[in-house]
Amino acid sequence: LSSLASSAQAAKGAGFEPADFEKDDDDNFHIDFITAVSNLRAANYRIPQAARHQCKMIAGRIIPAIATTTASVTGLVMLELFKVLQGKPAEKIKNGNFDIGTNSYMMFEAEPPKQIKTRVNFNPPDPSKFPEAYTEKGDVKPEYKDPDLCLGFAETVKSYPDPHTKYDKLWLENTKDLTVKQLKEAAEALFGDKGFTVA
């Protein structure tokens, strides 16, 4: 920290000038910088890194994309945000679809959110390892689809509330100063009678 402070003192009074982005001038190191920082971010998130020439191609498309598609999407989002700020009902909020090439814009009602329900996940047994699990017609026998028999091929995934959507919330009171362990214990105390545990 002390070395950073001394560097800041040495740079006092220094001015900065904005640099125009130029991807085709290798002497300004713009693409080298973009390649370095984007690959550092990729490494952080365990996603594939890109070579310098790939970064150069992608960077060249950013300005046209911001001036067209991104600007249009931002405008449509803001129109819908105004409805939220005005307290309009959810039915008034629309999805948008547009084609810049033909200059056509369509607004339509969004589909209701997907409901998450209690269900049975079934993984069919491997016929070569469990031939007895199949009938003569090649169908899986009912007992292998029954999660209550605990044969390892079917399990019940409980949903609470049943059903719910990704917009539903569960509220815990007075959690501001809790540690992670205390939060886990509070959640299990509240929902433990429903058969839920927090991993």
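- Side chain to side chain, Asp162 and Thr118 meet the donor-acceptor criterion of an N or O pair below 3.5 Å.
- With rounding to the nearest 0.5 Å, the separation of CZ in Phe33 from OG in Ser38 is 9.5 Å.
- Counting heavy atoms of neighbouring residues, nucleotides and ligands inside a 6.0 Å radius, atom CD of Gln86 exceeds 12 of them.
- No single ILVMFWY cluster, assembled from side-chain heavy atoms under 4.5 Å apart, contains both Val180 and Leu178.
- Between the OH atom of Tyr144 and the CD atom of Glu132 there is a distance of 4.0 Å, given to the nearest 0.5 Å.
- Hydrophobic cluster membership is shared by Val84 and Met78, with clusters built from Ile, Leu, Val, Met, Phe, Trp and Tyr side chains linked at under 4.5 angstrom.
- The minimum heavy-atom distance between Ser159 and Ile116, with the atom names listed, is OG-O, 2.9 Å.
- Enclosure of atom NZ in Lys83 by more than 12 non-hydrogen atoms of other residues, nucleotides or ligands within 6.0 angstrom is indicated.
- Within 6.0 Å of the NZ atom in Lys88, the count of heavy atoms belonging to other residues, nucleotides or ligands does not exceed 12.
- Residue pairs meeting the side chain to side chain donor-acceptor pair (under 3.5 Å) criterion with at least one member in residues 40-52, sequence neighbours excluded: Asp26-Arg52, Asp32-Arg52.
- Transitive grouping of hydrophobic side chains (ILVMFWY, heavy atoms separated by less than 4.5 Å) brings Val73 and Leu76 into a common cluster.
- Using a cut-off of 4.0 Å between Lys/Arg side-chain N and Asp/Glu carboxylate O, Lys94 and Glu80 are scored as not salt-bridged.
- For Tyr134, there are no ring-ring contact (aromatic ring centres under 6.0 Å, His included) partners at least two apart in sequence or on another chain.
- In this structure, Ile93 is a member of the same hydrophobic cluster as Leu81, with clusters built from ILVMFWY side-chain heavy atoms closer than 4.5 Å.
- Under a cut-off of 6.0 angstrom, the local environment of CZ in Phe108 is crowded, with over 12 non-hydrogen atoms contributed by other residues, nucleotides or ligands.
- Between Asn39 atom CG and Gln54 atom CD the span is 9.0 Å, to the nearest 0.5 Å.
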Derivation of the side chain to side chain contact (heavy atoms under 4.5 Å, CB included) call for Lys141 and Thr135: CA-CA 6 Å; Lys141 293 179 180 177; Thr135 65; 3.9 Å; yes
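- Note: Tyr105 and Phe98 have parallel aromatic rings, judged against thresholds of 30 and 60 degrees for the angle between ring planes.
- The minimum heavy-atom distance linking Gln115 with Lys117 is given by the pair OE1-CE, 3.6 Å.
- Linking ILVMFWY side-chain heavy atoms closer than 4.5 Å, directly or via other members, places Val120 and Val140 in two distinct hydrophobic clusters.
- In plain terms, the two heavy atoms of Asp146 and Asp148 that are nearest each other are OD1-N, 3.0 Å.
- Met106 belongs to no hydrophobic cluster, as no Ile, Leu, Val, Met, Phe, Trp or Tyr side chain comes under 4.5 Å of its own.
- Among Thr35, Ile34, Ile31, the one residue that satisfies the side chain to side chain contact (heavy atoms under 4.5 Å, CB included) test with Lys56 is Ile31.
- Side-chain contact check for Glu143 versus Phe153: every heavy-atom pair is 4.5 Å or farther apart.
- Nearest heavy atom pair, residue Leu172 against residue Ala186, reads CD2-O, 4.2 Å.
- The minimum heavy-atom distance between Pro125 and Ala133, with the atom names listed, is CG-CB, 3.6 Å.
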